[in-house]
Every structure is written in structure tokens, then in C-alpha cells.
Number of protein chains: 2
Amino acid sequence: MGEDLDERKRKILKAIIQTYLETGEPVGSRTISKYTDLNLSSATIRNEMSDLEEMGYIIQPHTSSGRIPSDKGYRLYVNDLIQKTNQDAEVQTLMIQKTDRMEKILKQVVDVLAQNTNYATMIAGPSYHQNSLKFIQLSRINDKQLLAVVVAQGNLVKNQMIDLKESIDEDEILKLNLLLNNELNGKTIGEINLDMITRMKQQAGIHSEVISSVIDAVAETIQPGDEDVPIYLSGATNIFDYPELADSKKAKELMTAFGDKKELAEMIRETAPGEESSNGITAYIGNESPIQSIKDCSVVTANYNLGNGMKGTVAIVGPRRMDYKKVVENLKQLKTQMNALFGNGDAKLEGSTGQDVIDSHSEN
Amino acid sequence: MGEDLDERKRKILKAIIQTYLETGEPVGSRTISKYTDLNLSSATIRNEMSDLEEMGYIIQPHTSSGRIPSDKGYRLYVNDLIQKTNQDAEVQTLMIQKTDRMEKILKQVVDVLAQNTNYATMIAGPSYHQNSLKFIQLSRINDKQLLAVVVAQGNLVKNQMIDLKESIDEDEILKLNLLLNNELNGKTIGEINLDMITRMKQQAGIHSEVISSVIDAVAETIQPGDEDVPIYLSGATNIFDYPELADSKKAKELMTAFGDKKELAEMIRETAPGEESSNGITAYIGNESPIQSIKDCSVVTANYNLGNGMKGTVAIVGPRRMDYKKVVENLKQLKTQMNALFGNGDAKLEGSTGQDVIDSHSEN
DNA sequence: ATTAGCACTCTGCAATTTAGAGTGCTAACA
DNA sequence: TGTTAGCACTCTAAATTGCAGAGTGCTAAT
């Protein structure tokens, strides 16, 4: 909308925003006049502020109070922040222990970020875009039951218990094992077609039901649905530290959103930033937020890249008057470190462990 | 604490409590006088109330307000409730779909209870007290990696990726498989001793490291630690519906507790009621609560029994002025239905599925 | 173009008032 | 002796009022 801002207006706006982020209270002309190297009187500032308000960058909550930034104001500020290469990179390296288990890394990252920023942080594990099957192992549990273990590239493992109508012996299991591995190994989701499936079922004869079950497991493993993308969350309760979010109505809404994996998955999917755009870091301010329930918050996301087609997303959720600078710097730092750790290939993703009667533990 | 209450005092106390549970506000003598079939004037009630207060069953928040129940008062009321066989069992049967997956049942149960009661509900999966090993399956991933699949009674499945120093071929894997299964199958945790382990390591020769890894996985599978007992949580945000819990300080404390699996595990472990005592249902009122952070709440727990040594615990957390009646009735109903569904043996626990790079998904 | 000065507005807070609910006690009553 | 009506008293919660402080917009002077 309209003209660009001149240098002075820019500086004033920035000062207003920074002060507001610190104090959380509308900032008046006097404050800016005093605590700025502009050497202007409060009256001048007032005039400029009046202009800025007219242009939509700041808002007066009520006649004769100070100004607060509008979403448009924030946006200008944040864009600046993201584009600027952090020359003043006094950001500490994040304390991330390198371990052999992807899930441990993710937990660490999400915890460190939540702690550093004091906002709610979530991270989605890498999604394997074009994953292929490594091998399948059928084992006999008893007469009427099989255990299928499906292993995909990147060592994702999935167990599937299969109930049989007809009993089965070791010999037949061996045959099925061969059949499945011959047909499926190395295939991606796109390469497995109905033709192959039908052919396998025919060959399996009486045990064709097994084929169906295994195929299902394979599908879930090499192309997990939204619900299966694991999401780690940390510091959800940090939101209570910000009065503007802590009233029970909003807090309930937020906690519900944080507790609902589907909602989170949607959010993270929606926010996955275009890799090209500005550093891979994107900010959603207030109403720009990807899901309705957090429209009182801002979200800053970054995607981390592990080469080899795997990538995931981190999102930090805080109040509109979030310390964007700190957040963006932390995310930049994270990207740098993740690159350094995993930059070349997927080698370090090994060592995964799946488990259990129950595959998704706590849930809110 | 002296004398027992006479019939009339009992009735008055009960009326006070019930009214308070409904309204949440201190109840006065007039209210009781009017809405009770006792046909007593408010003045009489006042005298009785004065007695009840002296005996510690009710409390006057400030001079000249109505009375509210003390923890002692609640206790009397709740004890009554639990012991009384619910003759007036108009409780609807809980809508629980029988499925073949334990985890789905648990999810359903926890959701239904949270919905029915509108309190926070959590459930711990069955702990397998004396579980034994069914079989072990080693598979080759590549030169330097093995996948061990450990299956225990009740079809708990655990995957463990094993990194090797020395490369290994199919023949050797077969040998290890035989070795492990011969030694370990059918054993409980107590029956696996250091002697056996040492012997196996010797026989495994250069690949003794594999034995250690497998043993670790076995231990975790047939005797999961506290952190591994899966806990399902539902309706955590229901607490926001109760003003006495919804202020940000308390809500934060509660949500933190709910989000911390360890805390929950501790709570559920602590509350696991003595099976014998009163129906297996136990109530913890206010300060009796098992963990510090929920001392403003009451907790009602029940353990469900699946025969065959497996049992788990349900806990419902709500405000002190929780609708104990509804909660207790729901839990009784649950116990009945669980018994009906699973009463005989563990047959229905089959069909479990484990999975994934990441073994514990969302976390708060 | 900038600034000093002044009248005006709005908020947040504390003090005050008021209405209502409930009690405790006393005296009357069955 | 147990029950009840009546009344003075207490306490809370909510509404009302009165400031003090911060900030603005405008005008006139520099």
C-alpha cells in the first residue's frame, strides 16, 4: 500500500516495535524521542507517528495512548530480519549432542529451541519423499498368526501382526517370504501397481490375505500418511508466560491445538516454507497463521534439510509480540548446525528402533 | 474426630455436598431447608451445620457465608459412593468398539471417559508382570547392520537396530538366530541370568556384541521401565472448564504435569489401588493427591484387570468439586465391560503393531 | 522543518458505597 | 427438650466515584 517509508520513518517504526516487544505496552512519542539516537523532540515523533498510523503500520488502541505495531508493521520488521544475513551473529551454538538416533536428535532440538526461546516449539520428523522398500520378513507366531516386519530405506521399520483364516506352516511362510521380497524389494510406492499385487495374490493361493496385509503395511511404511508423521512438541506450557495468551479461553484453544496431532500436522504442512523463499525461514504473523485456532499467535517456521530428499519442518509458536529476532537467529543457527551434522547423505539416520504393542505413546 | 454422625447430620452433609458440587458456591442453611425432604427450618439446619463444622466436615470460607465441604466431608461422601453397589445403575454402557488392537481399545476408553465425565482422563496400558519371550528374529540389513525383532508373550514387539564392528554373512546370522532362540525362548526376565549370557557370548565369538544388544532389547520388551509404559491421555484441556483450575498459574502447573510422561507414570503408579480395597476404585481428594502438582485436584483411579497377570490403571483428574458420582459410576461400568470383553485370558490382545523410526510420537 | 506549550482524553487504580446473602443468638413455642 | 421465628450483625461482590499519569493533537514560535 502506497509509498515506501523514508529512512527516518523506518527507524522510528523499528524503535516502536522493538520497544513494544520488550515492554508489551503501547509506546509513546516521548519514549522514542528519549531512547533513540535520532535526536528529535517528542512532538516531531508524534507527527511521524501520525503518518505511520495513517499508513497502517501502527495502531492506537484508544485515543491518547501510545502506539502498538500492526500486523503490517510487524511484517516489515520481520522481513528485514529474515533477509538480513545475521552479521551480528553472536548466537551461541545450540547444544545438540550428536547421537545415532534420529528421534533423539529431534527431541533435543525441540527441547533446546523451546528452552532458548521460551516459546512452544514443534518439529516434524523428516518425511521420506520417494522412499523405497529394503526388505520384508515374515515370521510365524503360531498356527493362525504371522508377524510381518517391513524395512524401508532410511531404516524405517514397521511391524504388522497378521491374523490368518487358514493355518500355515514354515514351508509356506518361506515361500511367501521369497515371493514378497522378489517382487517388492527396492520398489517405491509408485512402482507397486495393482498388476503386481494381483499376480502375487494368485501365486499365494489360499494365503492371499497375507499379501493384502503386507501391502498395507508397506504402503504405510514407505509413504506414511499425515497421521504417521511423528511430531515432537516441547514447551507448550510456555504460552502461559504471556498474559495475552494465558486467559483460559485462549489457553484452552491453544493447548487443544497443541494436543491434537492432526491439527499440528496440518499446521506444519501448511507452513512448510518454499525452500527458495528467504532462507527457508518464514513467519506468519497473527491472522496470517495457518490454522484458525492460533490466530492470536505468530508462527515462525524453518525447514531443515538432510539431503537425499529428506526434509522436515520446525515451527515456533508464540505471542504476536514474539521476540522475532531471537527466534529467527535461533532458527538460522539450527539450520547451519543441522547442515553441518547431516549435510552429506543420510548416513546418520541409521540405528532406528521401533517398538511396542502401542505405536503412539502419549497423546494429549 | 469423635462420634459417628447421626442419620440427620448425614443427610444434611450429603445435601450440602451435592448442592455444592452442582453450584460450586457455598451453600446456606436456607437452601438445604427448602430443597430437602427433611422438613426442617433453616434455623435448625444452622444448628446442625454448626455442629458439622465443629466436627470438621464442612468449612465456612468466611464469617457469614454458606458452608463448603472439607476434604474430610468429601471423603465420607465418596467412601459411601464407592462402597454402595450401584443399585441405581442407570449408567449407559460405554460405547467401546471391540477391536483387535489393544492400543485402539485404550484410546477409545480414555476418549469415552474424558467425554462422558468432562475431566482429564489417563490410562496406562497393561503391564506384563511376568512376561516371557516368544521368539527372536535377526535379519540382515547390510554388511554392518542387523535388525533384531523381539516378540514377547502378549505379542509385544520390539525392533532394535544393531551396528556391527565386523561384517557378517547370512550363515552366521542363522547361527546366532538359533543360538538366541534356543537359549532364550520361553524365558522370563528372572530366568535369564548372567551365566546364560556369558555362555552365549562365548559361543557367538566375534559377534558377541550382537548378543549384548539383543539382551538389552529383550529386557526392555519383557520388562519395560516406567518410561516405556505407554500412557494415553485425553481431555486434558477439560480442566479449563473449571474456573478454580483455569487461572494461568494452576493451569500451567497442571498442563505441565499432564505433558510430562514421567510425572503421569509416577502418578498412575502411586495411585494403583490395592485390588482388594473397595472395588478396586480409589479416590484421592485434594491434598491426598499422589503428586504435588495436582494438589488442587481430585483423582479417582480404577484398575482394570485382563486376567493372566496383566492389569492397568485408569485415572480421572478433575477439580476437588468433581462429580464423584458420575465418575465412580463410569469407572464401575468400565470395569464391568472390560471384564466382559477380556475376562478370560489374554486371547484378545493379539494383533499388535509396532513401528517406526521414532518410537514415541507426540510429546508435550 | 522542528519544537515548546497547553488543553484535552483515556486508563488504571484505589477508595467508597450499596445490596444481598447468610449467620448466630435469643426468645417463644410444642 | 428439640424446633422455629425474628433480628442484629458480618462479609462479599459489584457498582460508583475520584484522581493521577501518560499521551495525544494542535497552535504558535523559532
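Order of the sequence lines fixes the chain letters, A, B, ..., with proteins taken first and strands second; residue numbering starts at 1 for each chain. No hydrogens, no waters, no symmetry mates; every other heavy atom, side chains included, goes into these values. Fair warning: this is a prediction, and the values are worked out from it, not measured in the lab.
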> Closer to the 5' end of DNA chain D via nearest nucleotide, is it B:Asn47 or A:Ser29?
Replying inline: B:Asn47

>> Nearest 0.5 Å, please: how far is OG in A:Ser33 from CD1 in A:Ile45?
In response: 6.0 Å

> Less than 4.0 Å between a side-chain N and a carboxylate O, is that true for B:Lys252 and A:Asp241?
Replying inline: yes

> Is it true that A:Arg320 and A:Asp71 have a side-chain N and a carboxylate O under 4.0 angstrom from each other?
Replying inline: yes

>> Rounded to whole Å, please give me the gap between CD1 in A:Ile45 and P in C:dA4.
In response: 12 Å

> Heavy-atom distance under 4.5 Å between the side chains of B:Tyr20 and B:Tyr74, does that happen here?
Replying inline: yes

> Between A:Lys250 and A:Glu244, is there a side-chain N and carboxylate O pair less than 4.0 Å apart?
Replying inline: no

>> I need the residues from residues 63-70 of chain A with at least one non-hydrogen atom less than 4.0 Å from DNA chain D; give them sorted by number, or say none.
In response: A:Ser64, A:Ser65, A:Gly66, A:Arg67

> Can you check whether A:Leu21's main-chain N or O pairs, donor with acceptor, with A:Arg321's side chain at less than 3.5 Å?
Replying inline: yes

>> Please identify the 5'-most and 3'-most nucleotides of DNA chain D with any atom under 4.0 angstrom from a heavy atom of chain B.
In response: D:dT3 to D:dT12

>> Restricting to non-hydrogen atoms, name the atom on B:Met255 and the atom on B:Thr237 that form the minimum distance, rounded to 0.1 Å.
In response: CE-CG2, 4.4 Å

> Are B:Arg75 and B:Glu288 within salt-bridge range, i.e. N to O under 4.0 Å?
Replying inline: yes

> Reckon A:Arg30 has a side-chain N or O less than 4.0 Å from the OP1 or OP2 of C:dT3?
Replying inline: no

